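Everything numeric here is computed off the predicted structure, so don't read it as measured data.
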Amino acid sequence: MKKPDLQIAFITGRSRPDNASLSPLQSAFIQRVVGHHQLVAVNFPWTVQSMPWQSTGLLRASVNNAREYLGARQAGFALRYQPQALEMLASANHTVLLCGSCGLELFNQLRLPAEWLARISVFSFGPVARRRPDCRHLLVQGEQDWISRCWFRHADRRIACGHMNYLEQPQLAALCRQFIDDSGRQGA
């Protein structure tokens with residue numbers, strides 16, 4: 001069977017480390033932007049989930065995301081998650097990763113080989129990472145997102161929102177659809 005030209009997947013910090021199911025907000029957003037492309041129906045680390053998404057309180061979610069950000073900086077992170085990432089990436093000719101918050105740091109710490117980076121485009125919103133990725137990317141930051149501004153003083157695009165409500169913004173969906181369309185033309 002021919003693999004799809006383009007797939008779209010989320011990589012964000014997990015509010016619940018034991019569950020990579022997409023939240024209702026993530027599911028709704030990806031449905032608005034996926035178009036005719038293939039979607040990956042789970043979040044990082046892209047493994048099939050046996051239980052549905054579960055709501056997590058803001059404090060617990062923040063602590064879990066901070067732990068994941070710090071854990072990504074450990075040597076074992078790439079050893080553990082790079083094989084899963086390569087398996088997911090191999091299922092399409094090109095992948096657009098929707099990197100929310102510390103998802104950009106998680107992506108960077110996968111330490112993917114250069115030949116794989118050529119097959120990836122990163123759409124990062126509210127980026128929390130120590131550097132930009134080494135592949136085609138767009139960094140979108142909310143005008144009121146002081147969390148992301150601690151890591152990136154300069155973003156490629158700014159929209160009217162804070163750190164917690166990117167996926168609800170029509171302007172983010174429009175920027176993402178354009179980025180996906182451009183990625184489809186470049187990846188084909």
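- The shortest distance between side-chain heavy atoms of V128 and L104 does not fall below 4.5 Å.
- No donor-acceptor pair closer than 3.5 Å links the side chain of W46 to the backbone N or O of L89.
- The two residues Q84 and P45 have their closest heavy-atom pair at NE2-O, 3.4 Å.
- Atom CG of L22 sits about 8.0 Å away from atom CG of L39, to the nearest 0.5 Å.
- Distance CD1/I11 to SG/C99: 5.5 Å, rounded to 0.5 Å.
- Looking at H163 and S101, their side chains do bring a donor and an acceptor atom within 3.5 Å of each other.
- Distance check: F29 CZ to S23 OG gives 11.5 Å after rounding to the nearest 0.5 Å.
- For E87, the CD atom sits in a loose shell: 12 or fewer heavy atoms of surrounding residues, nucleotides or ligands are nearer than 6.0 Å.
- Judged by distance alone, the side chain of R157 and the main-chain N or O of V140 form no donor-acceptor pair under 3.5 Å.
- In terms of modelled atom types and a separation under 3.5 Å, the side chain of R149 and the main chain of Q141 share no donor-acceptor contact.
- With rounding to the nearest 0.5 Å, the separation of CD in E68 from CD in Q109 is 12.0 Å.
- By the 30° and 60° cut-offs, the orientation of the rings of F125 relative to F10 is perpendicular.
- Taking the centre of each ring, Y81 and F44 come in below the 6.0 Å mark.
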Could you check D156 against F179 for side-chain contact (heavy atoms from CB on, under 4.5 Å), going step by step and ending with a plain yes or no?
CA-CA 12 Å; D156 301 319; F179 185 79; over 6 Å; no
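- Separation of atoms CG (L172) and SG (C161) is listed at 7.0 Å; rounding is to 0.5 Å.
- Ion pairing of R177 with D182 is absent here, as no side-chain N (NZ or NE/NH1/NH2) approaches a carboxylate O to less than 4.0 Å.
- Counted by atom type alone, S183 and R136 present one or more donor-acceptor pairs between their side chains at under 3.5 Å.
- The side-chain heavy atoms of R119 and T95, taken from C-beta on, include no pair separated by under 4.5 Å.
- A78 and P83 get closest at one heavy-atom pair: O-CD, 3.9 Å.
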How far apart are the C-alpha atoms of N93 and K3, what are their side-chain angles, what is the distance that settles it, and do they pass the side-chain contact (heavy atoms from CB on, under 4.5 Å) test?
CA-CA 7 Å; N93 293 323; K3 64 180 159 183; 3.2 Å; yes
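- A donor-acceptor pair is defined here as one N or O able to donate and one able to accept, closer than 3.5 Å; no such pair exists between the side chain of N108 and the backbone of R130.
- Judged by distance alone, with hydrogens and angles left aside, the side-chain atoms of N165 form no donor-acceptor pair with the main-chain N or O of E168 at under 3.5 Å.
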Please test H37 against V96 for side-chain contact (heavy atoms from CB on, under 4.5 Å), starting from the C-alpha separation and ending with a verdict.
CA-CA 10 Å; H37 306 294; V96 173; over 6 Å; no
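- Using modelled atom types, one finds a donor on one side chain and an acceptor on the other under 3.5 Å when comparing N43 with T12.
- Among all heavy-atom pairs drawn from S21 and Q26, the shortest one is O-OE1, 4.3 Å.
- Within the 4.5 Å cutoff, side-chain heavy atoms of I159 are placed close to those of Y166.
- The two atoms that bring P133 and F107 nearest to each other are CB-CE2, 3.7 Å, heavy atoms only.
- At distances below 3.5 Å, at least one donor-acceptor pair connects side-chain atoms of H137 with backbone N or O atoms of C135.
- Around CZ of R80, the count of heavy atoms belonging to other residues, nucleotides or ligands within 6.0 Å does not exceed 12.
- The CD atom of E105 lies 9.5 Å from the CH2 atom of W151; values are rounded to the nearest 0.5 Å.
- A donor-acceptor pair under 3.5 Å is formed between the side chain of Q7 and the backbone N or O of M88.
- L139 and W146 fall within a single hydrophobic cluster, where Ile, Leu, Val, Met, Phe, Trp and Tyr side chains are chained together by heavy-atom contacts under 4.5 Å.
- For the pair R111 and F77, the NZ or CZ position fails the cation-pi test of under 6.0 Å to the six-membered ring centre and within 45 degrees of the ring normal.
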Could you go through L86 and L112, starting from their C-alpha distance and side-chain angles, then the distance that decides it, and tell me whether this counts as side-chain contact (heavy atoms from CB on, under 4.5 Å)?
CA-CA 8 Å; L86 293 175; L112 297 171; 3.8 Å; yes
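- Side-chain contact between I8 and I180 is present, with at least one heavy-atom pair separated by less than 4.5 Å.
- In terms of heavy atoms, Q38 sits closest to S91 at NE2-OG, 4.2 Å.
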